[in-house]
Each structure stands twice: as C-alpha cells, then as structure tokens.
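This report refers to the structure that appears directly beneath it.
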Amino acid sequence: MNGGGLDFEKPILELERKISDLRKFSAEEKIDVSEEIKSLQNKLKKIKDEVFCGLSASQRVQIARHPKRPYFMDYADRIFSFFLELHGDRRFSDDKALIGGLAEIDSVKIMAIGHQKGRDTKENLLRNFGCAHPEGYRKALRLMKIAEKMKIPVVSFIDTPGAYPGIGAEERGQAEAIAVNLREMSLVQVPIICVIIGEGGSGGALGIGIGDKILILQNAYYSVISPEGCAAILWKDRAKAKVAAEALRLTAGDLIKIGIVDEIVAEPSGGAHRDAGEAADNLKKALVKNLKELQKIPVSTLVRNRYNKFRKMGAYEGEENGSKNKKSKNQ
Amino acid sequence: MSLFGRKKSPAAQTKKSNIPDGLWIKCKGCNDTLYTKKLDENGKVCPKCGFHYPLRAFERIDITVDKGTFEEINAGLRSIDSLDFFDSKKYEHRIKQAEEKTKMKEAVITGTAQIEKIKIALGVMDFSFMGGSMGSVVGEKITRLIEFAADEDLPVVIFSTSGGARMQESTLSLMQMAKTSAALARLSEKGLFYISVLADPTTGGTTASFASLGDIIIAEPGALIGFAGPRVIKQTIQQELPSGFQRSEFLLEHGLIDIIVKREDLRKTIASILKFAVK
C-alpha cells in the first residue's frame, strides 16, 4: 500500500494524476487540452471498469478495509438530517467502537447503531479499530429497546473486523452479549435494516446483524472468520489468505447467491472511498426505499417473517424440510 | 460396571473414546499413569485428580438419561458441501472422514429422553466430529429440537462442546447462531425452561449463541469456555494470559455461569433443577 492506494489501484491513480497535471498545465499556459483530457478520462473510465469488474475476493476485502473507506459516521454526516448520539450500556461503560443514537433520514425517524472505526492511530485507539466489547453489544440492544418503545425502525451499520478478543471482553461475557442480541433482535417489534458497509467480521457483525432486510455495499464482505484467520487454521499458513477469501464466499455477489443478504448497494466506480458522497447517496436511496416498504408491513408479520428468514438458512440433506422432527428409535 | 455403574447401551460400546488406545495413559491433569479401564469406569474422569476427559455423545447420553429412554429425532440430516469449499482437502472429504471416524452423521445428536422420569428434549454435541463445529446440520438439529420442545411443552437440556462455527460452511454456519438463538426466544416466550451444560471446550459461535442462553448454565470443572480462543487473545493483546483464564472457575467468578458440577453429579443436579421447572 502507498499513500492509501492499493496495488491494483495504481494504474487508476497514475492516470488521475496525469489528468490533474494536464489541467494544471492547461490553466497555467492557457493552452486548450480539453481533447486530450477527454480522451484520458475515457481511458480512465475504461481502466476503472476493467479493474473493478474483475476484482478477486481478497481485493474486495482490501477495499472493504481501505483506510479511506467511509465509516459509519461519514455516512451519518451525509445521510442523516439529525443525529443525537446516546451513550453507555448502563452497566459498565460506553463502547466507542459500537455507537448509536436517534437519527432522521429523509424525515423518517430511526434508531441508528453501528460500528465505528478510527481514521488515524489516535482515533483508532479510541475506537478500538471498530472491535466492540460486550458493553457495545449491550448498549446496542438498549437502544433497540428504546426504538421499540418509540415505534421507530432500527438501522444498523456493520463494519467490524470482529468482536474484540481480549481479557476484559471475556471477563464481561462477550459471547453472552452477542448471544443475547441474536435472541432479542429476533423479537424486536419494529423494522430492522442491517447494512454491511465495510467489514462483516463474524459474530461481531452478526451481533447487530439480525434484521428484516440485510443490505451490503458492493465491495463490503461478510464472513464467518477473517481470510487470514481461516488460512492460519485450515492451511496453517496466513499467507494463504487470498485462497481462503475465495473459498469463504464472502463477497456481496456470493452472499446474495447464497441467500445471506437481500440487496447489494452499488458503490461509485473505484470503490466507496473514491467518492464518499456518491456512496452515501446510493446508500440513502436504498435505506429510504426499504424503510418505506418495511413500514407498510404489520409488526406481527414482520417478526414472523424475520424468524423464517433466518430459519431457512443452511444447506443439508437427509430428511426433507417438511418432515420435521421425525422420530427414529435409536437405542 | 461401566460409567457410574450404569449399564452401557450397545451404541456406546461400539463408539471409540477420545482417549488414546492402549491400556495405560498419562493423565493430562496430574501426569500420573492411569489405567484406561479405570478411567472408563469412572466416567472418563481421572480418579486421582478429577480431570474431566471428553465424552462421546452416546457416552454422555448413557450416563445422563434414564436407561433406554432416549429416542433420537432428525437422525438422518447430513452436511453437504454447498459452497464447494476446499482447503488442503475438500469439505465433502472431511465430512466423510469425520463420519468414518466417529460413526456419526454430525456433531450433535438430538432427541427426547427422561431424566428421573422427567421428559426432556435433549441435545448432545460431540467434539470428535470436526471439533464439534456448528454447520448447517448442527444448527438445524438444535433449532428443530428447540421448536419440538416448544410444540410439545418440554424443557430443553443441551450439552455443548464445540470449537465454534464451521469455517467450511462460511456464512451459512454463522447464520446458525441466529437461527438457534431465535428458536430459544420462542421457547422462552412459551415459558419453557432451558438448561445449558458446557463441557471442555466450548468456544466461538457456539458460545456466542445457544450455549450462553441457558436459563441455567452448568459447566463441568476446568472446561475452557469463551468467545475467542486463548491463542487468538494472546496474539491480539501480546500478553500472557492469567492462569485459569476462560476456565469454568473463571467464568463462575465473573458471574457468567450458574454452577460448576462434577460429571458424577450432573445427572442428579439436572434432575433436581428440572423438578423445580416442570410441574
């Protein structure tokens, strides 16, 4: 990586620099180079399309982790007309890696929760690199319960490498905090939309990931384990992360085929970090559309559908889905 | 006499134990030399130091339920390699290997049984089948068991031992956490009771879903129980972990489980709890 650019982005960045140099030159020397610029821009678009159509799974993971990728609050700034952050789990502390509050999007009132990463070292220490502790998950659930009282939908923004694996996290019941969220979110009596905006790291993502609609940004990923972790365990070699990324079927395109996510939100050409404004516009449109649709559905139907949505997930053979709980004498 | 003086079922007799073959082993707990027959007779617990060795699912059922009362449900479910996953081996091949090794179709057995004449819905995981990992079939069987209990008004008892979600099924495995937890929400809504028993080791996605959602959570002594594995934690924080970290006793101290019960007392303790829950 150099200057925030990924290896496969190099031809794009080079061409962009050329265009900008040419513009500067043209302004300074008062020479018309619009034809040349136009031709370079066409070339740029072509290269961008080529590079980004053929991205491998591990390249998409790189984009999802891009240091300039828009985070939860970058979207909040662009999408919400109102946001009031609410703090703390009322038990231990306020987790800065998983935050939330009251928000308004296109004059719809919602409860927004999401993982928040840091942009630099200092901020990352505060945000713990977007890795939440149990108190983050407990705060998130507390906010969802408020949403239930207010009868406003919940929108969760998922972007975490995973729930934090640390001593304090274990002492305070990381597993229990996530498990309780999975159970309780299945019953929340208001619409829930989850959108994976960057990294969907395993249980840490799922802990705010139970909803009526699961959206994913085009270059985001969602996986049971990080490609590096998977490679270390199954290949005994972290360097095999590229192969693991392919095998895990973690890209948006794969996930929609498997039926884990419902909708892919397009990113601007070159990835969300190339144009946060456009990425936010696309996300806002998708959220508004889904909020409108979900709000038409009676709550009891919504919650039943939510159960059935996750109930169906899985692949196996043997007894038909219909012939449930067939007894066979074993002893 | 067999495990805790109760006669073994034929199924248990044919299952191989996790203890290495041979007449003698060196105890992992006290380093003493142990006669394997003595260990088997003692429910795979070292008679000298009390170290709890893993039990196969059928051995567990055998020492837990009233003799001859276990009836398996959903025995026919089998994993498939829907994602065409392969690392050094194909997932399909790993499933076959696990089946041959364990003589089981998956890492959990579910059914109904009685404990001191109280009818329960019972799930028992087996670590020897791919590290007790939860893929679609484990999730489906646990979910069906809970739904069955909700329909039949039965309390649920699940013995967990698992390395977590099964990587070879990727997000499909992850979603089993959601599925099983949501089923437990329904069980709770019906006012039905769930006892979760944790054996060594229970980690990852299994701990972060149904295993941690017991109304009462029991652990065997010295069991490793946690969200992240100790190796991952050590790598992340670059520090030595405190002694006893993530063991049953540590979890009890931190208020995460209700009680630690020795294997020989488990049946009695579960029965005594069930007598409060079932009228």
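Order of the sequence lines sets the chain letters (A, B, ...), proteins ahead of strands, with each chain counted from 1.
- Neither the backbone nor the side chain of B/Phe210 comes within less than 4.5 Å of any heavy atom of chain A.
- Interface check for chain B: of the options A/Ile210, A/Leu255, A/Val224, the most heavy-atom pairs under 4.5 Å are formed by A/Val224.
- A donor-acceptor pair is defined here as one N or O able to donate and one able to accept, closer than 3.5 Å; such a pair exists between the side chain of B/Lys179 and the backbone of A/Met313.
- Contact of B/Ala183 with chain A is made through backbone and side chain together, with heavy-atom distances under 4.5 Å.
- Counting all heavy atoms, side chain and backbone alike, A/Pro165 lies closest to B/Thr236 at CG-OG1, 3.6 Å.
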- [ ] Just do the side chain to side chain contact (heavy atoms under 4.5 Å, CB included) check on B/Leu83 and A/Leu248 with the steps written out, would you?
- [x] CA-CA 8 Å; B/Leu83 304 180; A/Leu248 285 165; over 6 Å; no

Open item on the list: Run the side chain to side chain contact (heavy atoms under 4.5 Å, CB included) test on B/Ser181 and A/Ser186 for me, step by step, so that the C-alpha distance in whole Å, both residues' side-chain angles and the decisive distance to 0.1 Å come before the verdict.
Closed with: CA-CA 8 Å; B/Ser181 303; A/Ser186 78; over 6 Å; no

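- Heavy atoms closer than 4.5 Å to chain B are found nowhere in A/Ala244, neither backbone nor side chain.
- Under a cut-off of 6.0 angstrom, the local environment of CZ in B/Phe245 is crowded, with over 12 non-hydrogen atoms contributed by other residues, nucleotides or ligands.
- Of all heavy-atom pairs between A/Trp235 and B/Phe86, the closest is CZ2-O, 3.6 Å.
- For B/Gln168, the part lying near chain A is the side chain, with the backbone staying farther off; criterion is any non-hydrogen pair under 4.5 Å.
- The CZ atom of B/Phe227 lies 6.0 Å from the OG atom of A/Ser202; values are rounded to the nearest 0.5 Å.
- Contact tally against chain A (heavy-atom pairs below 4.5 Å) for B/Glu169, B/Arg166, B/Gln176: the top residue is B/Gln176.
- With a 4.5 Å cut-off on non-hydrogen atoms, B/Asp84 touches chain A through its backbone and its side chain both.
- The backbone N or O of B/Ala208 lies less than 3.5 Å from no partner atom in the side chain of A/Gln174, so there is not a single donor-acceptor pair.
- Contact of B/Glu189 with chain A is made through the side chain alone, with heavy-atom distances under 4.5 Å.
- In plain terms, the two heavy atoms of A/Leu234 and B/Ser88 that are nearest each other are O-OG, 4.4 Å.
- A distance of 11.0 Å separates CD in A/Glu317 from CG in B/Asp81, rounded to the nearest 0.5 Å.
- For B/Lys190, the NZ atom sits in a packed shell: over 12 heavy atoms of surrounding residues, nucleotides or ligands are nearer than 6.0 Å.
- Judged by distance alone, the side chain of B/Arg78 and the main-chain N or O of A/Tyr316 form no donor-acceptor pair under 3.5 Å.
- Contact count versus chain A (heavy atoms, under 4.5 Å) is highest, among B/Gln239, B/Arg186, B/Gln246, B/Met177, for B/Arg186.
- Contact record, B/Ile237 with A/Gly166: CG2-CA, 4.2 Å, taken as the closest heavy-atom pair.
- For the set A/Ile225, A/Ile167, A/Ile233, the count of heavy-atom pairs under 4.5 angstrom toward chain B peaks at A/Ile167.
- With respect to B/Glu140 and A/Arg311, a salt bridge is recorded, a charged nitrogen being found less than 4.0 Å from a carboxylate O.
- When all heavy atoms of B/Ile233 and A/Glu170 are compared, the pair lying nearest together is CD1-CG, 3.6 Å.
- Here the shortest heavy-atom pairing between A/Glu171 and B/Leu256 reads O-CD1, 3.7 Å.
- To the nearest 0.5 Å, atoms OG1 (B/Thr171) and CG (A/Leu206) are separated by 10.5 Å.
- Heavy-atom distances place the side chain of A/Tyr307, and not its backbone, under 4.5 Å from chain B.
- Separating the CD1 atom in A/Ile178 from the OG atom in B/Ser209 is a distance of 10.0 Å, to the nearest 0.5 Å.
- Taken from NZ in A/Lys240 to CG in B/Asp87, the straight-line distance is 11.5 Å, to the nearest 0.5 Å.
- Residue contact with chain B, scored on non-hydrogen atoms closer than 4.5 Å, is absent for A/Val243.
- Taking A/Arg249, A/Arg306, A/Glu176 one by one and counting their heavy-atom pairs under 4.5 Å with chain B, the maximum is reached by A/Arg249.
- Side-chain contact between B/Leu172 and A/Ile260 is present, with at least one heavy-atom pair separated by less than 4.5 Å.
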